[in-house]
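Numbers here simply count residues along the sequence, with the first being 1. Keep in mind that the numbers below use all heavy atoms, side chains included, and drop hydrogens, waters and symmetry copies.
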Amino acid sequence: MRKTNRSGSFLLCLLLNMLLNLEGLIPAAVFLALHFILNWSIWWAVLAAGLWIVYLILWMLFMRFAAKSSNTPDPPKENKNPYSVGNKKGPAK
């Protein structure tokens with residue numbers, strides 16, 4: 001697989017992740033509705049949205065760590081195939 005030299009922008013990845021995971025805003029929307037219906041504090045909605053963003057950032061950092069950890073090259077292995085090692089006798093005439 002082809003690898004590029006430039007890495008993706010963290011903010012761009014966060015914005016795309018937020019678009020793909022909009023269901024995380026459901027608790028914030030419920031608290032916002034409770035703010036307008038029952039006159040609850042709006043800070044509950046802000047807290048729920050903030051926790052959602054913190055969760056996404058932590059998940060992205062974990063995925064970055066996992067991707068960087070998996071890119072370590074394997075050490076060279078000993079060739080145990082007797083047919084590919086070579087013929088120790090001289091060439092046949």
Side-chain angles (χ1 to χ4, degrees):
M1 191 162 155
R2 182 176 172 244
K3 290 190 177 207
T4 60
N5 288 339
R6 63 174 254 229
S7 65
S9 169
F10 187 79
L11 185 59
L12 178 64
C13 290
L14 179 62
L15 291 174
L16 287 173
N17 224 349
M18 289 170 73
L19 285 174
L20 292 173
N21 294 308
L22 283 177
E23 70 274 359
L25 280 179
I26 292 174
V30 168
F31 283 127
L32 190 62
L34 288 173
H35 166 70
F36 289 115
I37 295 171
L38 299 177
N39 204 18
W40 281 19
S41 176
I42 197 165
W43 289 110
W44 290 110
V46 173
L47 178 68
L51 287 175
W52 173 66
I53 292 173
V54 168
Y55 166 75
L56 286 178
I57 290 172
L58 290 176
W59 182 252
M60 287 175 53
L61 291 174
F62 174 74
M63 284 298 165
R64 178 188 285 181
F65 166 74
K68 284 186 179 182
S69 297
S70 68
N71 287 337
T72 57
D74 290 335
K77 297 179 178 125
E78 179 186 352
N79 186 0
K80 295 185 178 182
N81 186 351
Y83 298 107
S84 66
V85 173
N87 193 357
K88 293 190 179 183
K89 299 177 187 175
K93 293 186 181 181

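- Residues passing the side chain to side chain contact (heavy atoms under 4.5 Å, CB included) test with Met63, sequence neighbours excluded: Trp59.
- Closest approach of Ser41 to His35, counting heavy atoms only: C-ND1, 4.0 Å.
- Residues satisfying the side chain to side chain contact (heavy atoms under 4.5 Å, CB included) criterion with Leu34, sequence neighbours excluded, are Val30, Phe31, Leu38, Trp40.
- Atom CG of Leu47 is separated from atom CD1 of Ile42 by 12.5 Å, given to the nearest 0.5 angstrom.
- Side-chain atoms of Trp52 do not come within 3.5 Å of backbone N or O of Pro27 as any donor-acceptor pair.
- Val46 and Leu25 are members of different hydrophobic clusters when ILVMFWY side chains are connected at heavy-atom separations under 4.5 Å.
- Residues Leu51 and Leu14 do not share a hydrophobic cluster, defined by chaining ILVMFWY side chains whose heavy atoms lie under 4.5 Å apart.
- Nearest heavy-atom pair, Ala49 versus Ala28, reported as atom, atom and distance to 0.1 Å: N-CB, 3.9 Å.
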Going through the distances and angles, do Tyr55 and Leu58 end up as a side chain to side chain contact (heavy atoms under 4.5 Å, CB included)?
CA-CA 5 Å; Tyr55 166 75; Leu58 290 176; 5.9 Å; no
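- Residues Val54 and Trp44 fall into different hydrophobic clusters, defined by Ile, Leu, Val, Met, Phe, Trp and Tyr side chains chained together at heavy-atom separations under 4.5 Å.
- Within the model, atoms CD1 of Ile57 and CG of Asn17 stand 10.0 Å from one another, a figure rounded to the nearest 0.5 Å.
- In plain terms, the two heavy atoms of Leu32 and Ala45 that are nearest each other are N-CB, 3.8 Å.
- The line from CG of Leu56 to CG of Leu15 is 10.5 Å long, rounded to the nearest 0.5 Å.
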